[in-house]
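Read the structure below first, then the notes.
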Amino acid sequence: MKRYKWHKIADSVEELPFNENNLLEVEVAGKIVCMAKHNDVLHACSQKCPHAGAYMEEGYIDALGNIVCPIHRYKFSLQNGRNTSGEGYFLKTFPIETRADGIYIGLEQEGLFSWLK
């Protein structure tokens, strides 16, 4: 079972400076994460494409809600990170929660005894 440490990134969605493609990068506990907004739902994934290391923030979201790499146009599901264009790569995703006091991203707790926390 995955255990997450939750990090507040904003007080509200309106505070997040998404670009014209509804993507942005945020730093969370020393890690840079790409955030996406599609149909008013927030998603978070790895900053870089697992294929060639392109910055996902420079890509776009297609009509089906996939995040598209800006270099080779590989497509990844924002829900689970699965490659939807057939190349077999996987983009790490992170859970997001909207709470009464703000927007939070969950990062997996790491370490040998992280399951005890």
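Numbering starts at 1 and runs along the sequence shown. Values below: every heavy atom of this structure, side chains too, minus hydrogens, waters and symmetry copies.
- Scored by the salt bridge (charged side-chain N to carboxylate O under 4.0 Å, His left out) test, Glu108 finds Lys2, Lys92 as partners (sequence neighbours excluded).
- Evaluation of the ring-ring contact (aromatic ring centres under 6.0 Å, His included) test over residues 11-49, restricted to residues two or more places apart or in two chains, returns none.
- For the side chain to side chain contact (heavy atoms under 4.5 Å, CB included) test, residues two or more places apart in sequence or in another chain that qualify with Glu15 are Ala10, Asp11, Ser12.
- Applying the side chain to side chain donor-acceptor pair (under 3.5 Å) rule to Lys5 yields no partners; only residues at least two apart in sequence or on another chain are considered.
- Grouped by direct or indirect side-chain proximity (heavy atoms under 4.5 Å, Ile/Leu/Val/Met/Phe/Trp/Tyr only), Tyr104 sits with Tyr4, Trp6.
- Connectivity analysis of hydrophobic side chains (ILVMFWY, heavy atoms under 4.5 Å, direct or indirect) links Tyr74 to Leu23, Met56, Ile61, Ile67, Phe76, Leu78, Tyr89, Leu91.
- Pairs of residues two or more places apart, or lying in two chains, never qualify as salt bridge (charged side-chain N to carboxylate O under 4.0 Å, His left out) while including a residue from residues 16-33.
- Annotation for Asp40: atom CG does not count as buried by contact number, only 12 or fewer foreign heavy atoms lying within 6.0 Å.
- By the 4.5 Å heavy-atom criterion applied to side chains, Ile96 and Ile9 are not counted as neighbours.
- A side chain to side chain donor-acceptor pair (under 3.5 Å) check over residues 53-72, counting only residues at least two apart or in different chains, returns the pairs His51-His72, Asp62-Asn66.
- A heavy-atom distance below 4.5 Å is not found between the side chains of Ile103 and Glu97.
- Contact check for Leu24 versus Asn19: no side-chain heavy atoms found under the 4.5 Å cut-off.
- Among residues two or more places apart in sequence or in another chain, the side chain to side chain donor-acceptor pair (under 3.5 Å) test is passed with Ser77 by Gln79, Asn80.
- Evaluation of the side chain to side chain contact (heavy atoms under 4.5 Å, CB included) rule for Ala29 yields His7, Leu107 as partners, not counting sequence neighbours.
- A 6.0 Å sphere centred on CZ of Arg82 holds no more than 12 heavy atoms belonging to other residues, nucleotides or ligands.
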**Report entry** side-chain contact (heavy atoms from CB on, under 4.5 Å) evaluation trace for Val33 with Gln47
**Finding:** CA-CA 5 Å; Val33 173; Gln47 171 195 28; over 6 Å; no
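- Partners of Thr84 under the side chain to side chain donor-acceptor pair (under 3.5 Å) rule, at least two apart in sequence or in another chain, do not exist in this structure.
- Here the closest non-hydrogen pair linking Ala44 and Ile105 is CB-CD1, 4.2 Å.
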Report task. Walk me through it: do Lys75 and Leu64 pass the test side-chain contact (heavy atoms from CB on, under 4.5 Å)? Result -> CA-CA 10 Å; Lys75 298 177 182 184; Leu64 298 175; over 6 Å; no
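- Taken together through direct or relayed side-chain contacts under 4.5 Å among Ile, Leu, Val, Met, Phe, Trp and Tyr, Val41 and Leu16 form parts of separate hydrophobic clusters.
- Atom SG of residue Cys69 and atom CD of residue Glu87 lie 9.5 Å apart, to the nearest 0.5 angstrom.
- Thr93 and Gly81 get closest at one heavy-atom pair: CG2-N, 3.4 Å.
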